[in-house]
Number of protein chains: 2
Amino acid sequence: MTEKQENILNAALELFANEGYNATSTNKVAKAAGVSEGLIFRHFGNKEGLLAALLKVGEDRFKSLYADIVMESDPEKIIRKAILLPFQVPESEYTFWKLQFKLKWEMEVDGKEKTEPLLRVLKYAFEKLGYAEPEKEASLIVFIHEGMSGAILKGVPIDKQAFQTFLLEKYNV
Amino acid sequence: MTEKQENILNAALELFANEGYNATSTNKVAKAAGVSEGLIFRHFGNKEGLLAALLKVGEDRFKSLYADIVMESDPEKIIRKAILLPFQVPESEYTFWKLQFKLKWEMEVDGKEKTEPLLRVLKYAFEKLGYAEPEKEASLIVFIHEGMSGAILKGVPIDKQAFQTFLLEKYNV
DNA sequence: CATAGAAGTAAGTAATTACTTACAAATTTA
DNA sequence: TAAATTTGTAAGTAATTACTTACTTCTATG
């Protein structure tokens, strides 16, 4: 991974996440990266390849985000960790997650299968704790995640610390 | 509003909502509407004007959606109606709402001020009912709305009837 | 019915798009 | 150090883009 290659990826991430994939030309990316346009195609084949390279990095980020919680066995801790999840994303990664959310709507990158392991472990946790509707409780957590994270990433001002406490108390965890 | 004008609006709605605004050329809209491309510009000025015309229709739809709940004074009924809100959107309007969600991410159409009246009335209701954190409870409802509606509009299969009951019981309304 | 204005079209336009090609410089390998 | 490969660029390309122009057809009204 050369320096210019990283410049391209950084510029593309910034532009795709803020202006959108379709609204960002390869020309714009090249200029922002301080690189000739041809180099993008040399390294990534085509515009989609550039996006794919960006999303590849994301896979690991998803896994490391879910890893800790999926391996947990104590149901209360599972729910606690699940609730804490969106609050633990460092602000330095917001651009990346904004891209994730944007693509979910701009392209048909569903992300449905990405939340699937989280849903499964949450369902298990709610089951163990005797909730009447464990599957729906699990979905509800994910919906809250999506709604709240979407708002945060779009810049709606939220007292994250206070909201985190609010949710933890709601679920007694 | 002539017939061809409506054809343009219908075609644009369908294409913008499913393929995205930036990914849809005026040429594509014209062909889908069975109309010359020039007619789009005669009637709507430019591509943005076409989008604006589409969103104008939406304002009324927002208002009629919120009207019933904002005028309610009984706190329990407010919460009940707020929860029912997303479930009452007829499937025939899904394309329109998909466009709303898509634009929120594709352009910087925030929609923050659109949920503001709902937030206010919900905060009032939770206050009256003695909830400790009425403002956060209100936000939570909106987050659930956004997360759930997003999933539904993206085609994730959900038993809407069952989930509606689940939420109503959770809030005892 | 005459005529003005609105509705509609076909065939353009310049600019931008994603992508290529031909070639040079840097770096690795033998 | 010579050869091969990789990294990089400048200047293209054809296709597509949003939008215009010049013109014709419809439709309402005095």
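For the numbers below, each heavy atom of this structure counts, side chains included, while hydrogens, waters and symmetry mates do not.
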Q: Going by an N to O cut-off under 4.0 Å, is there a salt bridge joining A/Lys104 and A/Glu146?
A: yes

Q: Roughly how many Å is it from CD in A/Gln5 to P in D/dT9, rounded to a whole number?
A: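 Interatomic distance, CD of A/Gln5 to P of D/dT9: 12 Å.
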
Q: Measure the distance from CD on A/Glu3 to C1' on D/dT6 and round it to the nearest whole Å.
A: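 After rounding, the reported distance stands at 17 Å.
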
Q: Separation of A/Arg42 atom CZ from D/dA10 atom P, in whole Å?
A: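 Distance check: A/Arg42 CZ to D/dA10 P gives 14 Å.
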
Q: Counting only side-chain nitrogens and oxygens, does B/Thr26 get under 4.0 Å of the OP1 or OP2 atom of D/dA18?
A: yes

Q: Among the nucleotides C/dA18, D/dT20, C/dT9, which one has an atom lying closest to any side-chain atom of B/Ser36?
A: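 The answer is C/dT9, which lies nearest to the side chain.
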
Q: With a cut-off of less than 4.0 Å, is there a side-chain N or O of A/Thr2 near OP1 or OP2 of D/dG8?
A: yes

Q: Report the distance from atom NZ of B/Lys47 to atom P of D/dT20, rounded to the nearest whole Å.
A: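 Atom NZ in B/Lys47 sits about 15 Å away from atom P in D/dT20.
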
Q: Tell me: CG of A/Asn22 to P of C/dA18, nearest whole Å?
A: 9 Å

Q: Before accepting this row, confirm whether a basic side-chain N of the pair A/Arg120/A/Glu116 lies closer than 4.0 Å to the acidic partner's carboxylate O.
A: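 So A/Arg120 pairs with A/Glu116 through a salt bridge.
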
Q: From C/dT9, D/dC19, C/dA18, pick the nucleotide closest to the side chain of B/Leu39?
A: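 Side chain of B/Leu39 sits closest to C/dT9.
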
Q: Send over the distance from A/Asn27 CG to C/dT16 C1', rounded to a whole Å.
A: 9 Å

Q: Can we say A/Lys170 and B/Glu137 salt-bridge, meaning some charged N sits less than 4.0 Å from an Asp/Glu carboxylate O?
A: yes

Q: Could you check how far OH of A/Tyr21 sits from P of C/dA18, rounded to whole Å?
A: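 In whole Å, C/dA18 P and A/Tyr21 OH are 8 Å from each other.
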
Q: May I ask you to say what B/Glu37 touches in the nucleic acid, namely base, sugar-phosphate or nothing, with a heavy-atom cut-off under 4.0 Å?
A: base

Q: Would you indicate, yes or no, if C/dT9 has its OP1 or OP2 atom less than 4.0 angstrom from a side-chain nitrogen or oxygen of B/Lys4?
A: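 Checking B/Lys4 against C/dT9: at least one side-chain N or O falls below 4.0 Å of OP1 or OP2.
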
Q: Using a strict threshold of under 4.0 Å (side-chain N to carboxylate O), is an ion pair present between B/Lys102 and A/Glu106?
A: no

Q: If the threshold is 4.0 Å, N to carboxylate O, is there a salt bridge linking A/Lys136 and B/Glu169?
A: no

Q: Could you tell me whether the phosphate oxygens of C/dG8, OP1 or OP2, come under 4.0 Å of any side-chain nitrogen or oxygen in B/His43?
A: yes

